[in-house]
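Within every chain, numbering begins at 1; the chains are lettered A, B, ... in the order of the sequence lines, protein sequences first and strands thereafter. Bear in mind that the values here come from a model prediction, so they are computed numbers and not experimental data.
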There are 2 protein chains.
Amino acid sequence: MGRTTGIIATLQAIGGKWKPLILFLLLHEGTLRFGELRRKLPNITQGMLTNQLREMERDGLVVRRVYQEIPPKVEYELSEHGRSLQQVLADMCGWGFTHIDFMQNAEDINLEETP
Amino acid sequence: MGRTTGIIATLQAIGGKWKPLILFLLLHEGTLRFGELRRKLPNITQGMLTNQLREMERDGLVVRRVYQEIPPKVEYELSEHGRSLQQVLADMCGWGFTHIDFMQNAEDINLEETP
DNA sequence: ATACTTAGTATGGTTTACCGTACCAAGTAC
DNA sequence: GTACTTGGTACGGTAAACCATACTAAGTAT
């Protein structure tokens, strides 16, 4: 078990284009219905959202609650284990803004240098 | 600029199968030659490693230092901005181990329940 | 009957990520 | 001149991720 084992495990669990986003939303907004989540993720496909949520349910990160109603109502929220991602997600979010600033500054410097 | 902007920026900068791993190694081992890095990432292709390093250099995360020698010698290290990922990477690593334990326990419980 | 609702599933297609293999340059050692 | 070194590049291919579109169930409202 190498030094990178932890990183690899994390990438397997929450890697990909959508999972960190979905988890971040559930963390900050609490319980959300399928359709709410979908509207907050403007470019995701319905199939993709279902698929990512099911994988995260299987991995114990997300809890799925189905109401026996018509039209259907299904809610999603983070499990306790899912909530343990809080720090990771907060850091990712914070560093992202740092990085945006950094790239913006780099760009400004280039504009100065080539007038 | 939505709440998820930071996460999206982070995914663009360090998303994918290899970047977090490479960054983590450079963070913990300091300066590494291309070949050293390659040996520590046992399954990566040479082309992939070059490619990922170049992208991260372009994004200001990694510094590339070329020595004018034959055979070639090229060293990589984190830039200051790259080092600002320290917290993110440490958390990812830590959570990964937490997750491995969690999955192991879940498995054990399943074994109990179906004897 | 018709339309509208929600949370899906199904099918097929495209795009991106990643891989394997081969090749190169330009020196040193034999 | 042959082999070995390192850090690449170039090519073609595969597999995974992701997307668009159409369809469904089963109820309510008109």
Side-chain angles (χ1 to χ4, degrees), chain A residues 4 7-26 29-59 61-78, chain B residues 4 7-26 29-59 61-78:
Chain A
T4 54
I7 301 270
I8 291 169
T10 299
L11 291 177
Q12 272 165 6
I14 66 164
K17 184 175 178 181
W18 295 113
K19 283 179 185 173
L21 253 27
I22 296 169
L23 292 165
F24 186 83
L25 285 172
L26 290 176
E29 318 223 354
T31 301
L32 288 174
R33 291 185 61 169
F34 182 84
E36 292 176 308
L37 213 33
R38 185 156 149 58
R39 279 187 288 278
K40 288 171 195 289
L41 263 355
N43 295 317
I44 198 171
T45 298
Q46 202 163 6
M48 206 16 29
L49 181 54
T50 301
N51 169 286
Q52 300 290 289
L53 285 167
R54 293 292 164 83
E55 283 185 18
M56 293 194 289
E57 190 196 10
R58 186 220 332 127
D59 292 341
L61 301 176
V62 160
V63 176
R64 178 167 181 264
R65 192 180 307 116
V66 182
Y67 294 82
Q68 290 304 339
E69 300 175 7
I70 293 291
K73 176 177 176 183
V74 181
E75 287 180 345
Y76 293 91
E77 64 180 324
L78 290 190
Chain B
T4 54
I7 301 269
I8 292 170
T10 299
L11 290 177
Q12 271 163 6
I14 66 164
K17 184 174 175 179
W18 295 111
K19 283 179 183 172
L21 252 27
I22 296 168
L23 292 164
F24 185 82
L25 285 172
L26 290 175
E29 316 223 356
T31 301
L32 289 174
R33 291 185 62 170
F34 181 84
E36 292 176 308
L37 213 34
R38 184 155 150 60
R39 280 185 288 277
K40 287 170 195 291
L41 264 355
N43 295 317
I44 197 170
T45 298
Q46 200 164 9
M48 211 5 42
L49 181 53
T50 301
N51 169 286
Q52 300 290 290
L53 285 166
R54 292 294 164 81
E55 284 184 17
M56 292 193 288
E57 189 196 9
R58 188 221 330 131
D59 293 341
L61 301 176
V62 160
V63 176
R64 179 168 181 263
R65 193 180 307 117
V66 182
Y67 293 83
Q68 291 305 337
E69 300 174 10
I70 294 288
K73 176 177 176 183
V74 181
E75 288 180 345
Y76 293 91
E77 65 181 324
L78 290 190

B:E36 and B:E29: side chain to side chain contact (heavy atoms under 4.5 Å, CB included), yes or no, with the steps? CA-CA 10 Å; B:E36 292 176 308; B:E29 316 223 356; over 6 Å; no

Kindly determine whether B:N51 and B:M48 satisfy side chain to side chain contact (heavy atoms under 4.5 Å, CB included), including the steps that lead there. CA-CA 5 Å; B:N51 169 286; B:M48 211 5 42; 3.9 Å; yes

What do the steps show when you test A:I22 against A:L49 for side chain to side chain contact (heavy atoms under 4.5 Å, CB included), and what is the final call? CA-CA 9 Å; A:I22 296 169; A:L49 181 54; 3.8 Å; yes

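Side-chain proximity of A:T50 to the nucleotides D:dC19, C:dT9, C:dA7 is greatest for C:dT9. Of all nucleotides listed (D:dG7, D:dT9, C:dA7), D:dG7 comes nearest to the side chain of B:F34.
For A:I44 and D:dC18, the CD1 to P distance is 9 Å, given to the nearest whole Å. Distance B:N43 CG to D:dT14 P: 20 Å, rounded to the nearest Å. We find that CE of B:M48 is positioned 18 Å from P of D:dT14, with the value rounded to whole Å. Distance B:N51 CG to D:dA10 P: 12 Å, rounded to the nearest Å. Rounded to a whole Å, the CG atom of A:L53 is 12 Å from the C1' atom of C:dG8. One can place CG of A:L11 at 15 Å from C1' of C:dC18, the figure rounded to the nearest angstrom. Atom-to-atom, CD of A:Q46 to C1' of C:dT11 comes out at 15 Å; the value is rounded to the nearest Å. For the pair A:Q68 CD and D:dG27 C1', the computed distance is 13 Å after rounding to whole Å.
Heavy atoms of B:Y76 sit under 4.0 angstrom from primed sugar atoms or phosphate atoms, though from no base atom. Within the 4.0 angstrom heavy-atom criterion, only backbone atoms of the sugar-phosphate kind lie near B:R33; the bases stay farther away.
Taking OG1 of B:T50 as the reference point, atom CZ of B:R64 lies at 8.5 Å (rounded to 0.5 Å). Atoms OG1 and CG, from A:T31 and A:L37 in turn, are 11.0 Å apart once rounded to the nearest 0.5 Å.
Across all non-hydrogen atoms, the minimal contact from B:Q46 to B:R38 is N-NH1, 3.8 Å. B:L11 and A:K17 make their closest contact through CD1-O, 3.8 Å (heavy atoms, listed as atom of the first residue, atom of the second, distance). For the pair B:L26 and B:Y76, the tightest heavy-atom approach, listed with the atom from each and the gap, is CD2-O, 3.6 Å. When all heavy atoms of B:L32 and B:L25 are compared, the closest pair comes out as CD1-O, 4.4 Å.
Judged by distance alone, with hydrogens and angles left aside, A:E69 brings no side-chain donor or acceptor close enough to the base of D:dG27 to form a pair under 3.5 Å.
Partner A:L61 forms a side-chain contact (heavy atoms from CB on, under 4.5 Å) with one of A:I14, A:L78, A:L53 and no other, that one being A:I14.
Near DNA chain C, meaning a heavy atom under 4.0 Å from it, residues 14-25 of chain B has B:G16, B:K17, B:W18 in order of number.
Both A:T45 and A:K73 lie near DNA chain C, and the one whose nearest nucleotide falls closer to the 5' end is A:K73.
A sub-4.0 Å separation between OP1 or OP2 of C:dG8 and a side-chain N or O of A:R38 is absent. Taking 4.0 angstrom as the limit, A:R64 places none of its side-chain polar atoms (N or O) nearer than this to OP1 or OP2 of C:dA7. Remark: A:R39 is not in phosphate contact with C:dA7, judged by side-chain N or O atoms under 4.0 Å from OP1 or OP2.
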Using a 4.0 Å heavy-atom cut-off to protein, can you give one letter per nucleotide of nucleotides 25-30 of chain C, 5' to 3': B if the base is in contact, S if only the sugar-phosphate is, - if neither? -BB---

